[in-house]
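Only one structure is covered here, and it is reproduced in the block below.
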Amino acid sequence: MRTLTLRGGARVAVVAAEWYDAFGVVTRGRVQLELRDGEPGPVLGRDAGFWLRGTGVRALRNPGRRTARVRIVTPRARTVTCRQHPVRPLPNDGGTT
């Protein structure tokens with residue numbers, strides 16, 4: 001899960017590959033969905049949820065002056081992208097352990 005913060009008037013593009021199967025919930029402020037043809041879509045308020053897959057949404061925009069927040073939830077299987085790195089020991093600082 002991640003949080004998207006949009007300052008007043010800010011806009012963020014929806015890239016299909018990154019937002020595939022994403023579900024958003026507006027947790028603060030208002031967010032307007034911008035459609036593929038550039039037309040403004042609905043304005044969603046706090047606690048409104050929305051899917052992005054297959055909706056034709058190309059961007060999210062904050063139509064207000066106050067900061068808006070959206071929690072983005074994606075299926076766990078698609079969000080695991082980390083790689084394991086070996087753990088390196090800390091240098092000895094001369095202290096006791």
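Between the OG1 atom of Thr3 and the CZ atom of Arg71 there is a distance of 3.5 Å, given to the nearest 0.5 Å. Summarising the geometry, atom OG1 belonging to Thr74 is positioned 8.5 Å from atom CG belonging to Asp21; distances are rounded to the nearest 0.5 Å. Distance check: Leu52 CG to Phe23 CZ gives 9.5 Å after rounding to the nearest 0.5 Å.
Minimum interatomic distance between Ala48 and Leu44 (heavy atoms only, all atoms of both residues): CB-CB, 3.8 Å. Nearest approach of Val70 to Gly24, heavy atoms of both residues: CG1-CA, 4.1 Å. For the pair Val26 and Gly45, the tightest heavy-atom approach, listed with the atom from each and the gap, is CB-O, 3.3 Å.
Here Arg7 pairs with nothing under the side chain to side chain donor-acceptor pair (under 3.5 Å) rule; sequence neighbours left out. With sequence neighbours left out, the side chain to side chain donor-acceptor pair (under 3.5 Å) criterion links Arg61 to Gln32.
Using a 4.5 Å heavy-atom threshold, the side chains of Asn62 and Val31 count as separate. Side-chain contact between Arg30 and Pro63 is present, with at least one heavy-atom pair separated by less than 4.5 Å. Contact annotation: the side chain of Thr67 never approaches that of Leu6 to less than 4.5 Å [non-hydrogen atoms, C-beta and beyond].
The cluster map of Ile, Leu, Val, Met, Phe, Trp and Tyr, joined by side-chain heavy atoms under 4.5 Å apart, puts Val43 and Leu60 in different clusters. The hydrophobic cluster containing Trp51 also contains Val25, counting ILVMFWY residues as joined when their side-chain heavy atoms lie under 4.5 angstrom apart, directly or transitively.
Applying the side chain to side chain donor-acceptor pair (under 3.5 Å) rule to pairs touching residues 39-49 yields nothing, sequence neighbours excluded.
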